[in-house]
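Some notes on the structure that comes next.
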Amino acid sequence: MNLSTLRTFTSLFCNDVNSTRFSSAQYLNALNESQVQFALDSKCLFKDNTITVVSGTSSYSLPTDFMFEKQVTHKQLMLKPISRATMIYYKGDDWTDDTGTPKWFNIDPEEARKNILLYPQPTANDTGANLILTYYPKPTDLSADTDSPLNSSTLLVQFHIAIACWAAWMLLGYDQATPDINSKRQILLAQYNDKVTEAIDLFKNTASEPIRLKGGRKWR
């Protein structure tokens, strides 16, 4: 679906066949909020961002569409998350001058920083385009009628109807909470949640891989 089709479905779900009960801006805002909510709930939309590590530099800017991280690897090795408080407690001294191959990362999304911090500080042996931040992005806002949600991912077309459901659920929240409205909103939210569950089940990373137990055994 594109924005135009999503708006049509949303208006039908709201019993607003002529699209006159809610303004165009309200429909647009609801649909953009809905695609963000679906991305957050399902975690089915993610990106890999390659960062070039520089010797002596611990801090690197986050992508502008960053919401939260999925994983971080350096030279194909997984880094572990760590808080600043833990770094201070762990070292007991000034941790900012510690050097070596990074083993931990800290995400600081505060507006003044918006960066990923590596610990310890990388050296010349660690440089290169070898840091991969896999993260969940904020979907690009819909604006033109031909725009498709969820960053136009064709893998997620089957879940577009969920965006219309949640948008309609949100818009109906502006109405007086009558039994009919409450019932309609419950149905819409249930339909949305069913699609979220479907997306989670479908897009688990390599979901078909058997669970590996210690000792090399596999559980099937």
Side-chain angles (χ1 to χ4, degrees), residues 1-14 16-19 21-52 60-73 107 109 111 114-116 129-174 185 187-209:
M1 295 186 197
N2 56 27
L3 174 58
S4 178
T5 309
L6 283 170
R7 189 186 293 112
T8 298
F9 272 99
T10 303
S11 66
L12 292 174
F13 287 152
C14 290
D16 183 19
V17 178
N18 297 317
S19 299
R21 290 178 57 218
F22 305 104
S23 69
S24 296
Q26 286 176 314
Y27 275 111
L28 182 60
N29 289 338
L31 286 166
N32 276 319
E33 288 296 329
S34 183
Q35 67 162 344
V36 172
Q37 191 63 50
F38 187 83
L40 285 169
D41 290 339
S42 67
K43 298 181 178 63
C44 63
L45 187 66
F46 55 88
K47 290 182 178 181
D48 285 338
N49 182 58
T50 301
I51 298 172
T52 300
Y60 302 87
S61 297
L62 293 173
T64 56
D65 60 351
F66 177 91
M67 288 201 296
F68 57 101
E69 76 277 8
K70 178 178 171 67
Q71 67 180 35
V72 180
T73 60
I107 296 290
E111 283 294 329
K114 279 190 176 178
N115 59 30
I116 178 172
N130 51 31
L131 180 71
I132 299 178
L133 167 63
T134 305
Y135 70 100
Y136 300 101
K138 179 182 182 294
T140 302
D141 282 347
L142 304 169
S143 57
D145 281 348
T146 54
D147 289 347
S148 293
L150 301 172
N151 291 357
S152 300
S153 172
T154 56
L155 294 174
L156 303 178
V157 169
Q158 59 196 300
F159 303 112
H160 287 181
I161 195 67
I163 295 172
C165 287
W166 197 92
W169 172 85
M170 180 180 180
L171 289 169
L172 288 175
Y174 295 133
R185 294 188 80 216
I187 292 171
L188 288 167
L189 191 58
Q191 291 174 326
Y192 168 81
N193 286 330
D194 285 345
K195 281 297 182 181
V196 168
T197 300
E198 184 181 331
I200 291 172
D201 289 342
L202 183 62
F203 286 99
K204 286 184 294 188
N205 201 9
T206 319
S208 60
E209 181 184 22

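Because only heavy atoms are used, hydrogens play no part in the values below, and waters and symmetry mates are left out as well, while side chains stay in. Just so you know, these numbers come straight off a predicted model, no measurement behind them.
- The structure places NZ of K47 at 12.5 Å from CZ of F66, a figure rounded to the nearest 0.5 Å.
- For residues 137-160, the set of pairs meeting the ring pair (Phe, Tyr, Trp, His ring centres under 6.0 Å) definition, not counting sequence neighbours, comprises F38-F159.
- Side-chain contact check for I163 versus K195: every heavy-atom pair is 4.5 Å or farther apart.
- Shown here are the ring pair (Phe, Tyr, Trp, His ring centres under 6.0 Å) partners of F13, two or more places apart in sequence or in another chain: there are none.
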*Should L133 and L62 be marked as a side chain to side chain contact (heavy atoms under 4.5 Å, CB included) after you check the CA-CA gap, both sets of side-chain angles, and the distance that decides it?*
CA-CA 9 Å; L133 167 63; L62 293 173; 3.9 Å; yes

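- Partners of Y136 under the ring pair (Phe, Tyr, Trp, His ring centres under 6.0 Å) rule, at least two apart in sequence or in another chain, are F68.
- No side-chain donor from either of S19 and D16 sits under 3.5 Å from a side-chain acceptor of the other.
- Qualifying salt bridge (charged side-chain N to carboxylate O under 4.0 Å, His left out) partners for D48, counting only residues two or more places apart in sequence or in other chains: none.
- Listed by chain and number, the residues in a side chain to side chain donor-acceptor pair (under 3.5 Å) with K43 amount to none (sequence neighbours excluded).
- Separating the CG atom in D41 from the CG atom in N193 is a distance of 7.5 Å, to the nearest 0.5 Å.
- T50 is linked by a side chain to side chain contact (heavy atoms under 4.5 Å, CB included) to A129, I132, counting only residues two or more places apart in sequence or in another chain.
- The shortest distance between side-chain heavy atoms of L202 and Q158 falls below 4.5 Å.
- With rounding to the nearest 0.5 angstrom, the CD atom of Q26 is 5.5 Å from the OH atom of Y174.
- The structure places CG of L142 at 11.5 Å from OG of S4, a figure rounded to the nearest 0.5 Å.
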